[in-house]
Structure formats: C-alpha cells, structure tokens
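Following: one structure in structure tokens, then a few remarks.
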Amino acid sequence: MLPTLVRRVGMVAATGVVLANDHQEKLPIYPIQSPEILLQETPSALEKQIGQVRKTVSQTYGDAHAQVQGVVSKWIGVEHSVENRVKSLISPTEPVTPGILYVGIATLSGSVFARNRIILTRLALPPTLLILSMNQFLPQTTHNIRAYLSDLEDTYLPTFAQKHETGKAHSTMGWEMLKEKVASGRESFGNGVESAVDKLQEATGLKVKEAMGWGNRVESKVLDAVKSLGDSDKKP
C-alpha cells in the first residue's frame, strides 16, 4: 500500500515539473525587438598624444602663416607708399634719364678724384658733387626733395628743424655780408688801382688809362649817370 502511494506521489511531482518547463519554454505570439547595441570608441593613450601634437602643429602653422601674410601686406603697402612718394618728388618737366646719369657720373668722379686724398676730402667731395650736380641737372626735383625733408623735420624733429632754420638764416646772412664785403673790397681795390694809375699818368705823362681801356669805361659810366638823371627828370 505504501509503495504504491509513494510511486503515485513521484509521478505527480514529475508531471508538475514537465508542465512547468513547458510553460517556461512557450514562445510569445508577438515578435520580440532585439536590443540596440551601442559601441563606444575609446582612443588609446598614443592616439590622444598624436591628436594633441597634430592640433598644436596646426595651430602653430596657422599663426605663422597669419604673421607672414601680415608682414607681406605691410611690405606691399610700404612699396606702394614709396612708389607714390618718389613719383610725387620727381618733376614731370625734367628729363630724369640723362639727368640722373650725369649726377651719378659726377658723384663717381668725386670718389675717383678723392681716392688718394686725405680722409676728410674723401668723405666730403662725393656728397658735395652729388648736391651740386643735382642742383645743376635736376633743380626742380632737388627742390621737391628739400621740401619733403623739411616737412619731415617739422613733423618728427621740430626742435632740430627750428635750429636748422636758424642756421640757414645765419648762413644766408653771413653769405650776404661776405658778398657785400667782397664787392666793397673789389671797389676799394679798383679805386686804389685807378688812383695809382692817375698818379703814374701825371708823373710820367703816359696815357695808361687809354692803353688799358679804362677811358672808355669811365665815359660809359658818365653817360649812364647822365642818362639816369635825364630819366629821373622826365618823370612827373
């Protein structure tokens, strides 16, 4: 009796296990969506260093390129300003081609002539001939250059410009005084020579003035004086 009961209980338990397994393995009637798989890329330490170096190199190259472009733009602007300034200084009424050649030849000639001279002559003669030749062959261009340099002095070196103007005024005044003294000395010398010739002529009886042509000069002076007096009398 007891073995039969135990056999029945074991059969019932086995049947329950089979039913439970069948219930768990039963598929749903609706389709099941597969889960999304997300892949996250994680760079290595070497890749991070390479990326940082590449970024630094690119930034440095960009900065250097910008600086070079800025320098080139400034240089182009300087070239245009210099070209415009040179065109404004050159006078359109003067032929530049032969004039500048003559100036260069005169300056080089000064260097050749002063080659075996003292150091002061070697330093002073070429620029002196340069200035003189420019005044001779390119006077209007030289005047424009002087005016431009004077404007630069007034703008950037006002104190020096004032002293320069004072020196120029003193130099002009001294030159005028020197010319007056030379003229007066020449006149005094001529009067002295003329009085000496008169005394010689009175002492010897020789007509020295006529032989030297001074008589005609005296007559022309007298005629000019009489003519000037007549012109002044005619004026109301």
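Atom CG of L120 sits about 10.5 Å away from atom CG of L125, to the nearest 0.5 Å. Here M177 contributes atom CE and S184 contributes atom OG; the two are 10.5 Å apart, rounded to the nearest 0.5 Å. Atoms CG and CG, from D154 and D151 in turn, are 6.5 Å apart once rounded to the nearest 0.5 Å. Remark: H65 NE2 to Q69 CD distance equals 4.5 Å, nearest 0.5 Å.
Remark: the backbone N or O of L138 is not paired with any side-chain donor or acceptor of T141 at under 3.5 angstrom. Side chain of T155 to backbone of L152: no donor-acceptor contact under 3.5 angstrom is found.
P126 and S111 get closest at one heavy-atom pair: CG-OG, 3.6 Å. Between R115 and R122, the shortest heavy-atom distance links the atoms O-CD, 3.5 Å. Contact detail for M134 and T142: the closest heavy-atom pair is O-OG1, 3.0 Å. Scanning both residues, T128 and A124, for their nearest heavy atoms gives OG1-O, 2.5 Å.
Using a 4.5 Å cut-off between side-chain heavy atoms of Ile, Leu, Val, Met, Phe, Trp and Tyr, with links allowed through other members, L129 and I100 fall into different hydrophobic clusters. The hydrophobic cluster containing I118 does not contain F113, counting ILVMFWY residues as joined when their side-chain heavy atoms lie under 4.5 angstrom apart, directly or transitively. Transitive grouping of hydrophobic side chains (ILVMFWY, heavy atoms separated by less than 4.5 Å) brings Y156 and I145 into a common cluster. Under a hydrophobic clustering in which Ile, Leu, Val, Met, Phe, Trp and Tyr are joined whenever their side-chain heavy atoms come within less than 4.5 Å, directly or via other members, V82 and V96 fall into the same cluster.
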key: side chain to side chain contact (heavy atoms under 4.5 Å, CB included) evaluation trace for Q136 with Y102   = CA-CA 10 Å; Q136 177 66 29; Y102 297 154; over 6 Å; no

I50/R54 under side chain to side chain contact (heavy atoms under 4.5 Å, CB included): CA gap, chis, key distance, verdict = CA-CA 6 Å; I50 293 174; R54 183 182 298 173; 4.2 Å; yes

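Here the side chains of R85 and Y148 are in contact, with some heavy-atom distance below 4.5 Å. With contacts defined as side-chain heavy-atom distances shorter than 4.5 Å, the pair N135/R146 qualifies. By the 4.5 Å heavy-atom criterion applied to side chains, Q140 and N144 are counted as neighbours.
Within a 6.0 Å sphere centred on CD of E176, other residues, nucleotides and ligands contribute more than 12 heavy atoms.
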